[in-house]
Amino acid sequence: MTDAAKPLAGRTMIMSGGSRGIGLEIAKRAAADGANITLIAKTDAPHPKLPGTIHTAGAELEAAGGTVLKYLGDVRDDEAVADAVQQTVARFGGIDMVVNNASAIDISPTEILSMKKYDLMQDINCRGSFLLSKLSIPALKESAQAGRNPHILTLSPPLNLDPKWAGMALGYTIAKYGMSLTTLGLSEELRKYGIGVNSLWPRTTIATAAVKNLLGGEEMISTSRTPDIYADAAYLVLTSPAKDTTGNFFIDDDVLAAHGITDLDKYRVVPGDGPLTTDLFL
């Protein structure tokens, strides 16, 4: 049984990525309940432009109250992901939550985008989400049978066929919409088992290293919200009844509003009422 005030106590999450940014904050929110967390991440040594490694992330999660399995591996590697799933089940007794967090981004136009980068985005974003979800299904079915409220949560946008998004960054759009199609398909496929499958996307840009380094620098960071808003919304999705919460493409502030949280000032990087930058695909 879980503590009613800590619904994720004793539950097990497996996450792709999570060394930094949004993924780490989502994992910390679960860790604060006393969850078990497996991180499948490949950042072993510090990166010159990116904060955090799998080791520093693991330490933060343990400090927050979680029990951590650090799996140094690449979500593109079938055998590594299968091994991570097996080790998670062996150590923690099962899997209750899959969070498809790992993602690569390059918004270059088609003519400029290298096929190497195109393949990287497809392999991490779309294929990686499909693979980790697929390999976790047997454990999620067992979680459902045990009444442990299993969820798959993928960090991807609503499927919006407005041509401007594909026309702006076709390679990236294909990769992210591939993640969202995984949500759409698996929610239908797994509905009969009582497994909740949803996507979550932010209303505004989120202050992460990717936004700073790849999108808009410090100026965009100043018109963004912090990763906490994404983490708080993810927690609300992951603690909602899986049987009744599936096939949704949630937006972070809509999730909070549905739970009566409408004062979002604390999530601003820069306090005040200045304009915020709307995220891609919205």
Side-chain angles (χ1 to χ4, degrees), residues 7-8 11 13-18 21-30 33 35 96-103 105 125-126 128-130 132-133 136 140 149-162 165 172-173 175-191 194-208 210-211 224-264 266-267 276-282:
L8 299 185
R11 301 291 165 87
M13 171 188 289
I14 188 168
M15 172 183 285
S16 61
I22 291 164
L24 178 58
E25 291 305 316
I26 290 173
K28 281 167 67 175
R29 191 72 177 80
D33 270 16
D96 305 302
M97 298 168 282
V98 175
V99 179
N100 292 306
N101 162 71
S103 195
I105 180 172
N125 302 10
C126 181
S129 297
F130 184 94
L132 180 56
S133 299
S136 299
L140 291 170
N149 201 40
H151 282 268
I152 298 173
L153 182 64
T154 298
L155 308 191
S156 66
L159 287 163
N160 180 351
L161 295 183
D162 186 327
W165 300 119
Y172 181 59
T173 301
K176 292 305 288 190
Y177 281 12
M179 296 172 76
S180 297
L181 280 169
T182 300
T183 291
L184 186 69
L186 284 179
S187 66
E188 191 64 21
E189 190 175 338
L190 303 179
R191 186 186 302 272
I195 300 169
V197 186
N198 300 282
S199 282
L200 178 65
W201 197 244
R203 174 82 59 194
T204 72
T205 51
I206 300 294
T208 64
V211 168
S224 299
R225 289 173 173 158
T226 66
D228 291 349
I229 190 171
Y230 216 140
D232 287 351
Y235 180 84
L236 290 170
V237 175
L238 292 169
T239 55
S240 62
K243 289 181 180 179
D244 305 322
T245 312
T246 194
N248 299 288
F249 293 94
F250 288 118
I251 304 299
D252 58 358
D253 56 12
D254 286 344
V255 173
L256 297 178
H259 288 79
I261 303 166
T262 54
D263 184 355
L264 307 180
K266 68 176 183 177
Y267 298 116
L276 295 167
T277 300
T278 302
D279 209 289
L280 299 173
F281 305 120
L282 296 181

Could you walk me through whether Ile26 and Tyr235 pass the side-chain contact (heavy atoms from CB on, under 4.5 Å) test, one step at a time?
CA-CA 7 Å; Ile26 290 173; Tyr235 180 84; over 6 Å; no
List the steps and the verdict of side-chain hydrogen bond (donor to acceptor under 3.5 Å, both in side chains) for Thr205 and Asp279.
CA-CA 5 Å; Thr205 51; Asp279 209 289; 5.5 Å; no
I would like to know whether Arg203 and Asp252 meet salt bridge (Lys or Arg N to Asp or Glu O under 4.0 Å); could you show each step before the answer?
CA-CA 6 Å; Arg203 174 82 59 194; Asp252 58 358; 5.5 Å; no
Stepwise side-chain contact (heavy atoms from CB on, under 4.5 Å) check, Leu200 with Leu153:
CA-CA 7 Å; Leu200 178 65; Leu153 182 64; 3.9 Å; yes
Please lay out, stage by stage, how Arg11 and Asn149 fare under the test side-chain contact (heavy atoms from CB on, under 4.5 Å).
CA-CA 9 Å; Arg11 301 291 165 87; Asn149 201 40; 4.0 Å; yes
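Counting only distance, with no hydrogens or angles, the side chain of Asp228 and the backbone of Tyr267 share no donor-acceptor pair below 3.5 Å. Listed for the Asn248 side chain is no donor-acceptor partner under 3.5 Å among the backbone atoms of Phe250. Of the possible polar contacts, one joining the Asp33 side chain to the Leu8 backbone as a donor-acceptor pair under 3.5 Å is found. Judged by distance alone, with hydrogens and angles left aside, the side-chain atoms of His151 form a donor-acceptor pair with the main-chain N or O of Ser240 at under 3.5 Å. Side-chain N or O atoms of Ser199 include none that pairs as donor or acceptor with a backbone N or O of Leu155 at under 3.5 Å.
Pairing each heavy atom of Ile251 with each of Pro158, the nearest pair is CD1-CG, 3.8 Å. Nearest approach of Ser187 to Leu184, heavy atoms of both residues: OG-O, 2.8 Å. Heavy atoms only, all atoms of each residue included: Met13 and Ala27 are closest at SD-CA, 4.3 Å. The minimum heavy-atom distance linking Gly17 with Ala102 is given by the pair N-CB, 3.9 Å. Considering every non-hydrogen atom in both Gly247 and Asn198, the closest pair reads N-OD1, 3.3 Å. Across every non-hydrogen atom of Phe130 and Thr182, the tightest pair is CA-CG2, 4.1 Å.
The list of salt bridge (Lys or Arg N to Asp or Glu O under 4.0 Å) pairs with a residue in residues 176-185, not counting sequence neighbours, is empty.
Here Tyr230 contributes atom OH and Thr208 contributes atom OG1; the two are 10.5 Å apart, rounded to the nearest 0.5 Å. Here the OG1-CG distance, from Thr245 to Leu238, works out to 10.5 Å after rounding to the nearest 0.5 Å. Of the inter-residue distances, the one linking Ile206 atom CD1 with Ser224 atom OG reads 7.0 Å to the nearest 0.5 angstrom. Here the NE2-CG distance, from His259 to Asp254, works out to 12.0 Å after rounding to the nearest 0.5 Å. Atoms NZ and CZ, on Lys243 and Arg191 in that order, are 13.5 Å from each other to the nearest 0.5 Å. Note that CG of Asn101 is 12.5 Å distant from CD1 of Ile14, once rounded to the nearest 0.5 Å.
Between Ile152 and Thr154 the shortest side-chain heavy-atom distance falls below 4.5 Å. Looking only at side-chain heavy atoms (C-beta outward), Thr262 and Leu256 stay at 4.5 Å or farther from each other. The side-chain heavy atoms of Pro157 and Phe249, taken from C-beta on, include no pair separated by under 4.5 Å.
Tested against Asn100 for a side-chain hydrogen bond (donor to acceptor under 3.5 Å, both in side chains), the candidates Ser156, Ser133, Ser16 yield a single pass: Ser133.
Here Glu189 pairs with nothing under the salt bridge (charged side-chain N to carboxylate O under 4.0 Å, His left out) rule; sequence neighbours left out. Remark: Tyr177 pairs with Phe281 by the ring-ring contact (aromatic ring centres under 6.0 Å, His included) rule, at least two apart or across chains. For Leu276, the side chain to side chain contact (heavy atoms under 4.5 Å, CB included) partners at least two apart in sequence or on another chain are Thr204, Arg225, Arg268. Listed by chain and number, the residues in a salt bridge (charged side-chain N to carboxylate O under 4.0 Å, His left out) with Asp96 are Arg148 (sequence neighbours excluded). Residues meeting the salt bridge (charged side-chain N to carboxylate O under 4.0 Å, His left out) test with Asp232, sequence neighbours left out: Arg29.
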